[in-house]
Structures are given as C-alpha cells and as structure tokens.
Amino acid sequence: MGFFRVREAKVDDLRSWMKEIEDREGEVLETFRNEGTRHERAFLLEGSDGPVLVYVMEVDDPEKARRAYADSKLPIDAEHRRVMGEVLVGGAEAEELLNISARRER
C-alpha cells in the first residue's frame with residue numbers, strides 16, 4: 001500500500017490514466033502475472049494539503065513485485081512509470097490504525 005501526494009493540476013491526468021488502465025485489462029493481467037499481483041485498487045482522497053492517491057496491491061511477494069515492475073519492459077508499465085512521475089509529488093504520511101489478517105497457518 002502506498003500514499004502519494006498528487007499535483008493539483010494533474011488530478012484529471014491521473015483519473016484519465018486510471019481509466020485507461022481499466023480499458024487495457026489484458027495488458028494489466030500480463031503485468032500481474034509477472035509481478036505475482038492478485039489485485040490492485042486506487043483511491044483519490046482530498047487531503048488538507050491537496051489530493052492524495054492511496055494505492056493498494058495484493059501480491060504474493062512485495063519485493064518480487066516491486067522488482068518485476070521496475071525491470072518490466074512492457075509498454076503499459078513504462079507508461080505507468082511515466083504518468084506517475086508526472087502526476088505525483090511524493091509520498092504522503094499515513095498513520096496505520098488497524099492491521100488484522102485472517103490468514104491461516106498450515
């Protein structure tokens with residue numbers, strides 16, 4: 001999960017890109033296979049210091065997923081890195097208040 005400040009002037013660009021990602025589901029699923037990702041969600045919040053993107057991923061191995069994304073040559077991943085570089089200002093602080101998992105040990 002990540003929290004990122006969004007440039008005010010780029011919020012519409014972020015919305016457009018997220019819509020495009022949804023429309024390119026086949027490419028996204030290929031990326032998921034490479035990363036070991038099962039699910040991604042993105043939320044845009046209006047914070048007191050401006051908009052904040054909350055990006056949530058369900059992955060098998062977070063480090064493997066990060067490396068696979070960073071090293072990916074897939075066009076959609078290159079575009080995602082470019083767009084995120086343009087629309088995001090940097091990280092945003094978040095206080096975790098609860099973290100409970102129902103994972104069963106076998």
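Residues: numbered from 1 along the sequence shown. All of these numbers come straight from a predicted model, not from anything done at the bench.
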For R66, what residues pass the salt bridge (charged side-chain N to carboxylate O under 4.0 Å, His left out) criterion, not counting sequence neighbours?
-> E63

Rounded to the nearest 0.5 Å, how far does NE2 of H80 lie from OH of Y69?
-> 4.5 Å

So, for A42 and M18, which heavy atoms are closest and what is the spacing to 0.1 Å?
-> CB-SD, 4.2 Å

Check residues 71-79 and write down every donor-acceptor pair under 3.5 Å in which the side-chain atom is one partner and the other belongs to a residue at least two apart or another chain.
residue, atom, partner, partner atom, Å
S72, OG, L74, N, 3.1
S72, OG, D77, OD2, 2.6
D77, OD1, T31, OG1, 3.3
D77, OD2, T31, OG1, 3.4
E79, OE1, R24, NH1, 3.0
E79, OE2, R24, NH1, 3.4
E79, OE2, R24, NH2, 3.0

Does CZ belonging to R38 count more than 12 external heavy atoms closer than 6.0 Å?
-> yes

Are any non-hydrogen side-chain atoms of V83 and E20 less than 4.5 angstrom apart?
-> no

List for me each residue that meets side-chain contact (heavy atoms from CB on, under 4.5 Å) alongside V59, sequence neighbours excluded, and say none if there are none.
-> T37, M57, P62, A65

With sequence neighbours left out, what residues match F32 under ring pair (Phe, Tyr, Trp, His ring centres under 6.0 Å)?
-> none

Heavy-atom side-chain contact between V52 and V6 under 4.5 Å | no

Verify the cluster assignment for F3 and L45: are they in a single hydrophobic cluster under the rule of side-chain heavy atoms below 4.5 Å apart?
-> yes

Are F4 and V87 in one and the same hydrophobic cluster, where Ile, Leu, Val, Met, Phe, Trp and Tyr link if side-chain heavy atoms are under 4.5 Å apart?
-> yes

List in chain and number order the residues that pass side-chain contact (heavy atoms from CB on, under 4.5 Å) with V89, two or more places apart in sequence or in another chain; answer none if no residue qualifies.
-> R5, R7

To the nearest 0.5 Å, how far apart are CD in E35 and CZ in R67?
-> 12.0 Å

Go through the structure and list residues passing salt bridge (charged side-chain N to carboxylate O under 4.0 Å, His left out) with D23, not counting sequence neighbours.
-> K19

CD (E25) with more than 12 external heavy atoms under 6.0 Å | no

Treat each ILVMFWY residue as a node, draw an edge where side-chain heavy atoms are under 4.5 Å apart, and state whether L44 and M1 are in one component.
-> no

In short, K64 meets N34 closest at the heavy-atom pair NZ-O, 3.6 Å

Would a 4.5 Å heavy-atom cut-off, applied to side chains only, mark L14 and M84 as touching?
-> yes

